[in-house]
Amino acid sequence: MERQYHYRSFNVAVEVLPENVPNHLDELVRFRSKRDVRYTAVVTMTKPLISGMWSSRFHLDDVCEAPTTQESAAFWASYIAATKIIDDALRVFSGSVEVLEPPVRRGGLSTRS
């Protein structure tokens with residue numbers, strides 16, 4: 001399952017994946033309960049810059065405790081990790097990167113939310 005988030009003009013895509021589910025050929029699939037499934041996530045952050053598109057990807061396991069037994073917890077942990085990375089990057093590179101502003105429609109409203 002994948003969800004898209006927006007934070008401080010960054011796009012954050014979180015894909016939650018089951019980590020320890022046997023493949024469909026394994027007989028244990030029928031007997032494995034839902035609570036045995038653990039989830040991890042792959043997070044991709046992107047931001048349009050004047051110099052081109054900036055992109056970074058990480059696995060939830062690499063930045064915090066994971067996996068988790070709840071899909072929703074994997075989404076939240078991924079979003080929180082991404083916001084910390086974005087905040088740190090903006091603090092470190094403040095003023096040294098020119099951001100590409102979102103396009104403006106008639107009436108002065110941004111085309112992005």
Side-chain angles (χ1 to χ4, degrees):
M1 176 181 266
E2 185 174 315
R3 291 192 182 157
Q4 301 281 329
Y5 302 99
H6 301 283
Y7 180 73
R8 298 184 75 175
S9 73
F10 283 77
N11 297 317
V12 179
V14 178
E15 182 180 8
V16 171
L17 307 165
E19 188 172 75
N20 62 342
V21 176
N23 66 38
H24 66 282
L25 300 175
D26 194 332
E27 286 297 314
L28 293 176
V29 170
R30 284 187 264 157
F31 304 108
R32 189 163 296 251
S33 70
K34 181 76 173 163
R35 71 174 182 260
D36 291 335
V37 177
R38 299 182 63 80
Y39 297 93
T40 188
V42 176
V43 181
T44 304
M45 301 176 296
T46 58
K47 181 169 184 68
L49 302 172
I50 290 175
S51 60
M53 184 64 76
W54 175 86
S55 179
S56 182
R57 178 178 280 194
F58 66 88
H59 289 267
L60 183 60
D61 307 24
D62 297 337
V63 295
C64 66
E65 275 188 46
T68 178
T69 57
Q70 303 270 330
E71 279 181 292
S72 60
F75 279 117
W76 276 111
S78 299
Y79 177 77
I80 291 167
T83 60
K84 287 180 181 179
I85 291 169
I86 291 167
D87 288 342
D88 289 347
L90 290 175
R91 187 174 52 255
V92 169
F93 297 110
S94 174
S96 64
V97 176
E98 292 187 45
V99 176
L100 182 63
E101 294 299 323
V104 176
R105 298 189 287 192
R106 281 189 172 157
L109 298 175
S110 172
T111 58
R112 296 185 188 173
S113 52

State the [atom1]-[atom2] distance between [X] and [Y], to the nearest 0.5 angstrom.
X	Y	atom1	atom2	answer
Phe58	Met45	CZ	CE	5.0 Å
Glu15	Leu60	CD	CG	12.5 Å
Ser72	Gln70	OG	CD	5.0 Å
Lys47	Tyr7	NZ	OH	11.5 Å

Listed pairs under 3.5 Å, donor-acceptor, residues 74-83 side chains, sequence neighbours left out:
residue: Ser78; atom: OG; partner: Ala74; partner atom: O; Å: 2.7
residue: Thr83; atom: OG1; partner: Tyr79; partner atom: O; Å: 3.4
residue: Thr83; atom: OG1; partner: Ile80; partner atom: O; Å: 2.8

>> What verdict does the side-chain contact (heavy atoms from CB on, under 4.5 Å) test give for Asp87 and Arg8, after you've listed the backbone C-alpha separation in whole Å, the side-chain angles of each residue and the deciding distance to 0.1 Å?
In response: CA-CA 9 Å; Asp87 288 342; Arg8 298 184 75 175; 2.7 Å; yes
Self-check item: Residues that Arg91 engages under salt bridge (charged side-chain N to carboxylate O under 4.0 Å, His left out), provided they are two or more places apart
Solution: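 Salt bridge (charged side-chain N to carboxylate O under 4.0 Å, His left out) check on Arg91 returns Asp88.
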Go through the structure and list residues passing salt bridge (charged side-chain N to carboxylate O under 4.0 Å, His left out) with Arg3, not counting sequence neighbours.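 Arg3 satisfies salt bridge (charged side-chain N to carboxylate O under 4.0 Å, His left out) with no residue once adjacent residues are dropped.
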Of the options Leu90, Thr46, Ile85, which is the one that meets Phe10 in a side chain to side chain contact (heavy atoms under 4.5 Å, CB included)?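 Exactly one pass, corresponding to Leu90.
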Checklist line | pair His6-Asn11: side-chain heavy atoms closer than 4.5 Å | finding: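 Of all side-chain heavy-atom pairs linking Asn11 with His6, at least one is under 4.5 Å.
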**Asked** Do the non-hydrogen side-chain atoms of Ile86 and Val12 ever get within less than 4.5 Å of each other?
**Response**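 A side-chain contact under 4.5 Å exists here.
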Inset, instruction - Locate the shortest heavy-atom distance separating Glu71 from Met1; write the atom from each residue and the value. - result: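 So the minimum-distance heavy-atom pair works out to OE2-CB, 4.2 Å.
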Mind listing the closest non-hydrogen atom pair of Met53 and Pro48 along with its distance?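 Scanning both residues, the minimum pair turns out to be SD-N, 3.5 Å.
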